[in-house]
Asker: 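The structure follows.
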Amino acid sequence: QKLKVDAPIDAFAVHGACGAWGVLAAVLFDWGTGADYFNGWSGWSCVGGKGSCVSGAWSEALVANLVEIVVIAVWTAGFSLLVFVPLRVAGLLRANEETQEKGLDTVKHSPPKAYTGM
């Protein structure tokens, strides 16, 4: 609301926040060998050399996943700017006044007879 962005479908809440939580939860709930070890793709075997576990791998995995979240956010924001700034400058991102008064989600996303044939 502060940015005056109408998000009727909550795409950020579903894809952005839940995606970031999924990446973070992959490390936080990695409880295989012990708290200081990391299993990752290894199932219940810890990450490390042949038959050995690397101590401190969990904190490295946490940092790696936090960096991944930041990189994904920057990448998404950068490419979104490449698309949406030219569209805004061209005046193609704003709905007409009548549609804004009725509400874009009412006009475009909720047909009154969507399920009548069922």
Side-chain angles (χ1 to χ4, degrees):
Q1 291 176 349
K2 287 183 180 182
L3 296 175
K4 297 183 180 179
V5 175
D6 183 20
I9 57 174
D10 291 328
F12 173 76
V14 173
H15 298 285
C18 292
W21 167 245
V23 170
L24 195 56
V27 174
L28 294 177
F29 297 109
D30 185 58
W31 295 332
T33 305
D36 196 34
Y37 303 101
F38 183 67
N39 299 312
W41 294 100
S42 302
W44 293 106
S45 302
C46 61
V47 173
K50 297 184 187 236
S52 66
C53 294
V54 177
S55 180
W58 185 86
S59 59
E60 291 175 9
L62 178 64
V63 170
N65 282 27
L66 289 172
V67 169
E68 180 181 358
I69 291 169
V70 170
V71 168
I72 290 170
V74 169
W75 183 86
T76 303
F79 279 100
S80 294
L81 285 172
L82 285 175
V83 171
F84 290 121
V85 167
L87 288 174
R88 183 173 181 176
V89 170
L92 299 173
L93 285 182
R94 191 159 178 99
N96 62 37
E97 294 295 327
E98 181 183 341
T99 302
Q100 288 183 38
E101 287 295 322
K102 291 180 182 177
L104 193 60
D105 47 340
T106 303
V107 174
K108 297 286 186 182
H109 302 295
S110 58
K113 298 179 182 179
Y115 302 105
T116 57
M118 298 181 93

Asker: List the atom of Val27, the atom of Trp58, and the distance in Å for their closest heavy-atom pair.
Answerer: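 Shortest heavy-atom separation between Val27 and Trp58 comes out as O-NE1, 2.9 Å.
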Asker: Under the side-chain contact (heavy atoms from CB on, under 4.5 Å) test, which residues partner Ala25, sequence neighbours left out?
Answerer: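 Partners of Ala25 under the side-chain contact (heavy atoms from CB on, under 4.5 Å) test: Trp21, Phe29.
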Asker: Report all side-chain donor-acceptor pairs from residues 65-89 shorter than 3.5 Å, counting only partners two or more places apart or in another chain.
Answerer:
from, atom 1, to, atom 2, distance (Å)
Asn65, ND2, Val23, O, 2.9
Thr76, OG1, Ile72, O, 2.8
Ser80, OG, Thr76, O, 2.7

Asker: Return the set of residues passing side chain to side chain donor-acceptor pair (under 3.5 Å) with Ser59 (not counting sequence neighbours), or none when no residue passes.
Answerer: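 If we apply the side chain to side chain donor-acceptor pair (under 3.5 Å) test to Ser59, skipping adjacent residues, there are no hits.
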Asker: Please list, chain by chain and in numerical order, all residues satisfying salt bridge (charged side-chain N to carboxylate O under 4.0 Å, His left out) with Glu98, sequence neighbours excluded.
Answerer: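 Lys102.
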Asker: Check Val14 against Cys18 and note the closest heavy-atom contact, atom names and distance.
Answerer: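 Where Val14 meets Cys18 most closely, the heavy atoms are O-CB, 2.9 Å.
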